[in-house]
Amino acid sequence: MSQITISYSSNNLLSLSGIDSLNLHHTLMCGQAFRWKKDGDFYIGVVKEHVLKVRQEGDSIEVKGYPKEGLEAFVFDYFDLNKDYSEIEDKVSSFDEHLATAVAFGKGLRLLRQDPWECLISFIISARNNIPCIRRSIEAISMRYGDRYEFEGGFYYLFPSPAQLSQASLEGLLECGTAFRGKYIIETVKRVFESGIDLEELRDMELTEARKVLMEFKGVGEKVADCVLLFALQRYEAFPIDIWINRVMRRLYFDGKEVSLKKMQEYAQERFREYAGYAQEYLYYWARSNQLS
DNA sequence: TGCCAGGCCTTCC
DNA sequence: GGAAGGCATGGC
């Protein structure tokens with residue numbers, strides 16, 4: 001793993017160079033996070049308590065952010081820059097030729113360290129939904145219930161906290177385009193806000209136990225639970241199976257035959273072990289980008 | 001226009 | 001415990 005060099009340019013732009021295996025486009029547009037959009041050279045996103053504008057040139061990225069306090073540490077954490085991804089890419093590629101292809105396609109795709117609360121609500125919204133609609137709903141919810149920042153002449157809205165979202169009515173959530181998932185959000189918010197459940201505790205729990213806890217929330221089944229575990233709680237042994245993963249796994253590992261989700265899950269967990277989550281994301285991105293049927 | 005979307009819940013057996 | 005049907009709405 002190479003050493004990352006940190007510098008600040010005169011106009012207060014944070015610059016990180018010498019980053020191994022980061023492709024901003026793959027990482028931000030692969031479908032793991034819903035609040036990033038491209039604006040010229042920059043990708044702009046609202047992440048936890050920050051607004052970030054990031055662009056990449058070769059092995060370096062430039063970051064503008066608000067607030068500036070703690071920005072450097074925040075960027076390191078969110079993009080997981082202390083982790084050696086070339087090692088992960090090598091390991092995942094070595095499983096078989098399919099994963100070698102998928103990793104080559106998505107080289108530089110890193111799993112972000114997202115906020116568990118936002119991730120939970122976002123993936124409840126994702127059920128039986130398409131990505132443009134998911135993005136719009138999350139943005140609408142943030143605008144309606146979250147804190148507002150002003151940055152470089154634009155307004156940006158943080159994802160609302162449990163307390164803020166507990167003020168939401170079903171009608172309000174429906175106007176955000178959540179449709180039949182609105183009632184799930186209401187119930188999940190109520191449960192988290194009133195019980196004071198700490199999602200962080202799921203980091204250290206046995207995986208099936210952590211899954212079970214998440215699945216007690218309305219609108220959270222196995223797939224959504226696995227997304228939260230993988231994308232926000234760094235449980236890299238989780239393997240979310242959505243329709244794309246179902247298709248690509250069936251095609252590559254089951255001779256095109258129908259397989260139960262349970263069997264597919266067991267197969268992936270056994271085959272990929274602690275790299276299952278990484279393998280899932282490379283396969284997902286490759287399959288969806290190539291519209292595999 | 002009709003099919004489909006990063007599934008889940010409920011019902012029924 | 002497993003299969004089947006329903007679900008709101010917008011993208012393509």
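Not measured: the values here are computed from a predicted model. In what follows, chains are A, B, ... by sequence order, proteins preceding strands, each numbered from 1.
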Within a strict 4.5 Å, meaning less than it, do heavy atoms of the [X] and [Y] side chains meet?
X         : Y         : result
Val189(A) : Trp117(A) : yes
Trp36(A)  : Val46(A)  : no
Leu283(A) : Met249(A) : yes
Leu81(A)  : Arg110(A) : yes

Donor-acceptor side-chain pairing of Gln265(A) and Gln269(A) below 3.5 angstrom:
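The answer is yes; a qualifying pair exists.
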In whole angstrom, give the distance that lies between atom [atom1] of [X] and atom [atom2] of [N].
X         : N       : atom1 : atom2 : value
Arg128(A) : dG5(C)  : CZ    : P     : 14 Å
Ile124(A) : dT9(C)  : CD1   : P     : 18 Å
Arg136(A) : dA8(C)  : CZ    : C1'   : 14 Å
Ile125(A) : dG11(C) : CD1   : C1'   : 17 Å
Lys262(A) : dG2(C)  : NZ    : P     : 7 Å
Gln291(A) : dC12(C) : CD    : C1'   : 10 Å

With a non-hydrogen cut-off below 4.0 angstrom, is [X] in contact with a base, only sugar-phosphate, or nothing?
X         : value
Glu222(A) : sugar-phosphate
Phe231(A) : base
Arg135(A) : nothing

Hey, where does DNA chain C pair up into stems, meaning at least three consecutive Watson-Crick or G-U pairs with distances under 3.5 Å?
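Counting only runs of 3 or more consecutive pairs, the stems involving DNA chain C are B:2-5 with C:9-12, B:7-13 with C:1-7.
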Among residues 164-189 of chain A, which ones have heavy-atom contacts with DNA chain C below 4.0 Å?
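Heavy-atom cutoff 4.0 Å gives Ala179(A), Phe180(A), Arg181(A), Lys183(A).
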Stepwise side chain to side chain contact (heavy atoms under 4.5 Å, CB included) test for Phe239(A) and Leu230(A)
CA-CA 8 Å; Phe239(A) 191 84; Leu230(A) 178 61; over 6 Å; no
State plainly whether one hydrophobic cluster holds both Leu261(A) and Trp244(A), where clusters connect Ile, Leu, Val, Met, Phe, Trp and Tyr through side-chain heavy atoms under 4.5 angstrom apart.
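The answer is yes; both residues are in one hydrophobic cluster.
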Please find the earliest and latest nucleotides of DNA chain B, in the 5' to 3' direction, that have an atom within less than 4.0 Å of any heavy atom of chain A.
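Range of nucleotides touched by chain A: dA5(B) to dT10(B).
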Pick the nucleotide of DNA chain B nearest each of Cys30(A) and Met215(A); which residue has the one closer to the 5' end?
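In this pair, the answer is Cys30(A).
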Which residue lies more 5' along DNA chain B, comparing Lys223(A) with Gly219(A) via nearest heavy atoms
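Closest to the 5' end, via its nearest nucleotide, is Lys223(A).
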Under the rule for side chain to side chain contact (heavy atoms under 4.5 Å, CB included), what residues qualify as partners of Phe180(A), not counting sequence neighbours?
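Phe180(A): side chain to side chain contact (heavy atoms under 4.5 Å, CB included) contacts with Arg128(A), Lys183(A), Tyr184(A).
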ring-ring contact (aromatic ring centres under 6.0 Å, His included) pairs, two or more places apart, involving residues 196-238 of chain A:
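Listed by first then second residue: Phe123(A)-Phe231(A), Tyr236(A)-Tyr278(A).
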With a 6.0 Å cut-off on ring centres, are His50(A) and Tyr66(A) close enough?
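No.
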Would you say the ring centers of Phe155(A) and Tyr149(A) fall short of 6.0 Å from each other?
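Centroid distance Phe155(A)-Tyr149(A): not below 6.0 Å, so no.
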Between dG6(C) and dG6(B), how far is it from one P atom to the other, in whole Å?
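My reading of the P atoms in dG6(C) and dG6(B) gives 23 Å.
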Inter-nucleotide P distance (dG10(C), dC8(B)), Å rounded:
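About 22 Å, rounded to a whole number of Å.
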Map Cys133(A) and Ser260(A) onto DNA chain C by nearest heavy atom, then report which one ends up closer to the 5' terminus.
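The residue closer to the strand's 5' end, by nearest nucleotide, is Ser260(A).
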Quick one: list whatever passes salt bridge (charged side-chain N to carboxylate O under 4.0 Å, His left out) with Asp96(A), sequence neighbours left out.
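Arg271(A).
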